[in-house]
Amino acid sequence: MTTLSENIYRTGGYIVSEASGYRSREQGIIKAGSGVLLAGAPLSLLTPDTGAVTVGAAVFTGTGNGVFTPANPAYGAGVKEGDYVVRLIEAGANAGQFEVKRPDGTIDGFASVGVAYDGQIKGTFGDGTTDFAGAAQFVIPVSIANPTGVGKYVPYDGSRPAVAILYEGCNATDVDVRRTFTARDTEVTTAELQWASGVTSDQKTAALASLASLGIIGR
């Protein structure tokens with residue numbers, strides 16, 4: 001006898017309640033390569049600043065022969081595209097302090113020679129045989145490659161905020177697919193959310209907090 005099975009994660013099956021009409025829902029594009037997704041999958045939106053980040057070689061001018069050694073990764077949250085200007089503001093023998101400015105001119109922080117700097121850029125400004133002095137500065141270029149999927153949705157994997165829940169399943173393995181999402185003002189059953197493989201408990205907690213900020217409340 002043939003055994004039939006039913007996908008219990010049916011369209012909208014994770015919903016406890018939602019706003020009247022269609023106010024809780026929107027439509028958008030699931031990016032090709034996302035695979036087969038079931039209703040209830042938390043989603044993230046690809047935005048222009050979520051492409052691959054490249055921190056270029058630091059260019060030094062002025063007095064001194066120390067070097068900037070980037071960390072791995074060489075950037076932190078909120079990193080911006082453009083030149084980070086790192087200017088000496090306090091000289092010292094085998095020491096010194098730099099002011100780090102972002103591409104928009106705002107101050108990112110202050111870096112001490114020989115101490116790991118942990119800002120939007122990350123690394124250590126090392127001392128050389130000639131101390132830093134005068135107008136010594138580093139210029140560190142950062143570029144961000146915009147992904148081809150900007151404005152499209154992908155399964156939440158912990159690398160960017162969760163902003164929606166897939167209302168109906170789809171197969172976005174090879175092509176983009178338009179689908180309906182839960183976007184706001186909805187109560188959902190957290191036990192029926194369909195998380196991507198590898199998402200940790202802490203990441204799930206962060207995703208639920210992000211969704212709650214949009215009025216999508218887990219029960």
Side-chain angles (χ1 to χ4, degrees), residues 31 33 42-163 196-210 213:
K31 186 179 182 297
L43 303 171
S44 297
L45 179 67
L46 293 178
T47 57
D49 62 351
T50 54
V53 177
T54 300
V55 178
V59 177
F60 177 77
T61 56
T63 301
N65 63 355
V67 296
F68 173 69
T69 303
N72 185 19
Y75 60 91
V79 66
K80 296 175 172 56
E81 188 167 51
D83 290 338
Y84 282 76
V85 178
V86 184
R87 182 177 61 88
L88 184 70
I89 57 174
E90 182 179 329
N94 301 315
Q97 187 173 52
F98 289 87
E99 175 189 72
V100 182
K101 282 193 174 182
R102 301 166 182 164
D104 62 7
T106 59
I107 294 177
D108 188 60
F110 298 92
S112 297
V113 170
V115 179
Y117 178 72
D118 186 17
Q120 289 186 354
I121 55 171
K122 296 176 179 286
T124 302
F125 298 91
D127 183 43
T129 55
T130 301
D131 292 330
F132 295 115
Q137 73 171 27
F138 293 87
V139 175
I140 303 172
V142 174
S143 61
I144 302 176
N146 293 340
T148 58
V150 167
K152 299 178 183 179
Y153 293 79
V154 294
Y156 171 80
D157 63 3
S159 65
R160 52 183 69 89
V163 298
S197 176
V199 174
T200 66
S201 295
D202 286 346
Q203 289 170 337
K204 291 177 183 179
T205 298
L208 292 172
S210 177
S213 71

Separation of [Y] [atom2] from [X] [atom1] (nearest 0.5 Å):
X: F132; Y: F138; atom1: CZ; atom2: CZ; result: 4.0 Å
X: S143; Y: D83; atom1: OG; atom2: CG; result: 10.5 Å
X: L43; Y: Y156; atom1: CG; atom2: OH; result: 12.0 Å

Please tabulate, for side-chain N and O atoms in residues 69-77, each donor-acceptor pair with protein atoms closer than 3.5 Å (sequence neighbours left out).
none

Looking at side-chain heavy atoms only, is the closest gap between [X] and [Y] below 4.5 Å?
X: V53; Y: V142; value: yes
X: Y117; Y: V86; value: no
X: Y84; Y: V79; value: yes
X: V154; Y: R160; value: yes

Per the side-chain hydrogen bond (donor to acceptor under 3.5 Å, both in side chains) rule, what does the pair list look like for residues 197-208, sequence neighbours excluded?
T200-Q203
Contacts of type side-chain contact (heavy atoms from CB on, under 4.5 Å), residue T130, not counting sequence neighbours:
T63, N65
K152: what forms a side chain to side chain donor-acceptor pair (under 3.5 Å) with it, not counting sequence neighbours?
D176
For S159, what residues pass the side chain to side chain donor-acceptor pair (under 3.5 Å) criterion, not counting sequence neighbours?
D157
Check A133 against A91 and note the closest heavy-atom contact, atom names and distance.
CA-CB, 4.4 Å
Minimum heavy-atom distance between A57 and P141, given as atom pair plus value:
O-CD, 3.4 Å
Side-chain donor/acceptor pairs under 3.5 Å, residues 97-105, sequence neighbours excluded:
residue	atom	partner	partner atom	Å
E99	OE1	R87	NH2	3.3
R102	NE	D108	OD1	2.9
R102	NH2	D108	OD1	3.3
D104	OD1	T106	N	3.0
D104	OD1	T106	OG1	2.7

Taking the side chain from D131 and the backbone from N94, do they hold a donor-acceptor pair closer than 3.5 Å?
yes
